[in-house]
Asker: 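Submitted below is the structure of interest, expressed as structure tokens.
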Amino acid sequence: MTVPFFDLQAQYRTIQDAVEASVLDVLRSQSFILGPRVAAFEAACAEACDVPHAVGVSSGTDALLLALTALGVGPGDEVVTTPFTFFATVGAIARVGARPVFADIEPESFQLDPEAFQAAVTPRTRAVVPVHLFGRCAPMDRILAIAGAHGIAVVEDAAQAIGSTYQGRRAGSMGDVGCFSFFPTKNLGGAGDGGLVTCRDAALHDRLLLLRNHGARPKYHHVQVGGNFRLDAIQAAVLHVKLGHLERWTESRRRHAAGYRERLADLEASGAVMLPREDPNGRHVFNQFTLRVPGRRDALRAHLAARDIGTEIYYPEPLHVQPCFRDLGYRSGDLPCAEDACAQVLSLPIFPELTPPQIDAVVREIRAFFG
Ligand SMILES: *Cc1c(COP(=O)(O)O)cnc(C)c1O
């Protein structure tokens, strides 16, 4: 029994006809840049995320870059974020010329710790970027309260969290801006790169549209330096079809997670592993199902790999000690919760099309490893 970590083929077989018809439609229209397909997809996303505005962009990375630019974040500003995230979160902060300031995570949820955020605030703090890591929302009530008290903008990195909720609110609808990715491994993945920015404020929406297209208004008259951050019509066509299945796929992920939790509960009770927790205040969409395996992570991973079970480590190295951020002056030991997480985490297969025998095999081999 082979269990790949992730498999797009199984999903594609279930939607192939609709996706191919939709792409063929774009090809036959020969209309590739923005236009009605992108607009229709943006409207559907705005509705799904419960926000008035959604702007399709070229990637999740560009969503973050565009959002920070539109908020006016730049040189001299500090932006607080987590060191336990994908590189793009922090890369975008550095690329607009601001200074990334790292605050440690909550060990149990892996999310930005609101107390650490509070402690990192200075008069120069312009924004905070909580990341809804693995598909669970960051503790947004406290993050929003601290940001509100200090006049700090909130940019939600919701790249892994489309469809996730927190106290009844949708990921991407709580901060000033929400940033999503449609990288193929995300819960809603395109046929290549794509992303989305959501917001509630009409003036901010207007700036996002302007900056997405080289700050041109009207055409060839440039009022601000923007970029080419556009979502392709072909991607919008694929994504719009897939959006119609997202809820069902998310429910499958949640079912798989519940199965793992139930069948690995005794290993958690014995202290061998820690399982990802659901926040009673929110809905986890399980872009990843990430265990902690104190001390034996690499051995468990090797055991599973030898039995054709794929796993991944998200993320092996925290961002505050990456070579490109050496000038920020952080050292190993500065953010111990994030560093511990990097040493212990292991993500199991959780894609929607996993079959019951595949889940049985994963559970069986984990149990065999721990004897
Ligand atoms: C995937 C991801 C991004 C970047 O998205 P791309 O579409 O790959 O550019 C940003 N932040 C997080 C947390 C991600 O998981």
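As the structure lists them, so they are numbered: ligands from 1, and atoms in each ligand from 1.
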Asker: Mark up the atoms of ligand 1 that fall under 4.0 Å of a heavy atom belonging to T85, in ascending order.
Answerer: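 Those atoms are 13 (C).
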
Asker: Could you tell me which atoms of ligand 1, counted from 1 in the order shown, lie closer than 4.0 angstrom to a heavy atom of T89?
Answerer: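 With T89 as reference, the close atoms of ligand 1 come out as 11 (N).
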
Asker: Identify the two heavy atoms, one from P4 and one from Q358, that lie closest to each other, and give their separation to 0.1 Å.
Answerer: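 Scanning both residues completely, I find the closest heavy atoms to be CD-NE2, 3.7 Å.
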
Asker: With heavy atoms of A159 as the reference, note each atom of ligand 1 found under 4.0 Å away.
Answerer: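 Atoms satisfying the 4.0 Å criterion: 2 (C), 3 (C), 10 (C), 11 (N), 12 (C), 14 (C), 15 (O).
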
Asker: Answer yes or no: does an N/O atom from F182 fall short of 3.5 Å to an N/O atom of ligand 1?
Answerer: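 Looking only at distances, the answer is no, because the N/O contact criterion of under 3.5 Å is not met.
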
Asker: Can you see which heavy atom on I350 is nearest to which on N287, and at what distance?
Answerer: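 Closest heavy-atom pair between I350 and N287: CG2-O, 3.7 Å.
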
Asker: Which residue and non-hydrogen atom of the protein lie closest to atom 1 (C) of ligand 1, and at what distance in Å?
Answerer: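 In this structure, atom 1 (C) of ligand 1 has K186 NZ, 1.5 Å as its nearest protein heavy atom.
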
Asker: Please could you name the atoms of ligand 1 that V131 approaches to less than 4.0 Å, counting only its heavy atoms?
Answerer: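 Under 4.0 Å from V131, ligand 1 has these atoms: 13 (C).
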
Asker: Any chance you could measure L335, atom CG, to H320, atom NE2, to the nearest 0.5 Å?
Answerer: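 So the CG of L335 and the NE2 of H320 are separated by 4.5 Å.
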
Asker: Pull out every atom of ligand 1 sitting under 4.0 Å from any heavy atom of A88, numbered as shown with elements.
Answerer: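 So the atoms of ligand 1 that pass are 4 (C), 10 (C).
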
Asker: Under 3.5 Å, N or O to N or O, is T61 touching ligand 1 that way?
Answerer: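 There is such a contact, yes.
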
Asker: For the pair R367 and D266, find out whether any cationic side-chain nitrogen is under 4.0 Å from an anionic carboxylate oxygen.
Answerer: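 Yes, charged N to carboxylate O under 4.0 Å.
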
Asker: What residue and heavy atom of the protein are closest to atom 15 (O) of ligand 1, and at what distance?
Answerer: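 Answer, as residue, atom name and distance: Q160 NE2, 2.8 Å.
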
Asker: Which heavy-atom pair separates K219 from A216 by the least distance, and what is that distance?
Answerer: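 Answer, listing the atom of K219 first, then A216: CA-CB, 4.4 Å.
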
Asker: Quick one: does H132 get a heavy atom under 4.0 Å from ligand 1?
Answerer: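 False for this residue.
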
Asker: To the nearest 0.5 Å, tell me how far L243 CG sits from E47 CD.
Answerer: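 Answer for the CG-CD pair, L243 versus E47, is 9.5 Å.
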
Asker: Give the contacting part of D157 toward ligand 1: side chain, backbone, both or neither, where contact means a heavy-atom distance below 4.0 Å.
Answerer: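 Just the side chain.
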
Asker: Are any of the side-chain heavy atoms of D232 and V26 separated by less than 4.5 Å?
Answerer: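 A side-chain contact is absent here, since even the closest heavy-atom pair is not under 4.5 Å.
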
Asker: Please verify the inter-ring angle class for F110 with F134; under 30° counts as parallel, over 60° as perpendicular, anything in between as tilted.
Answerer: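 Judged by the thresholds at 30° and 60°, the geometry between F110 and F134 is perpendicular.
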
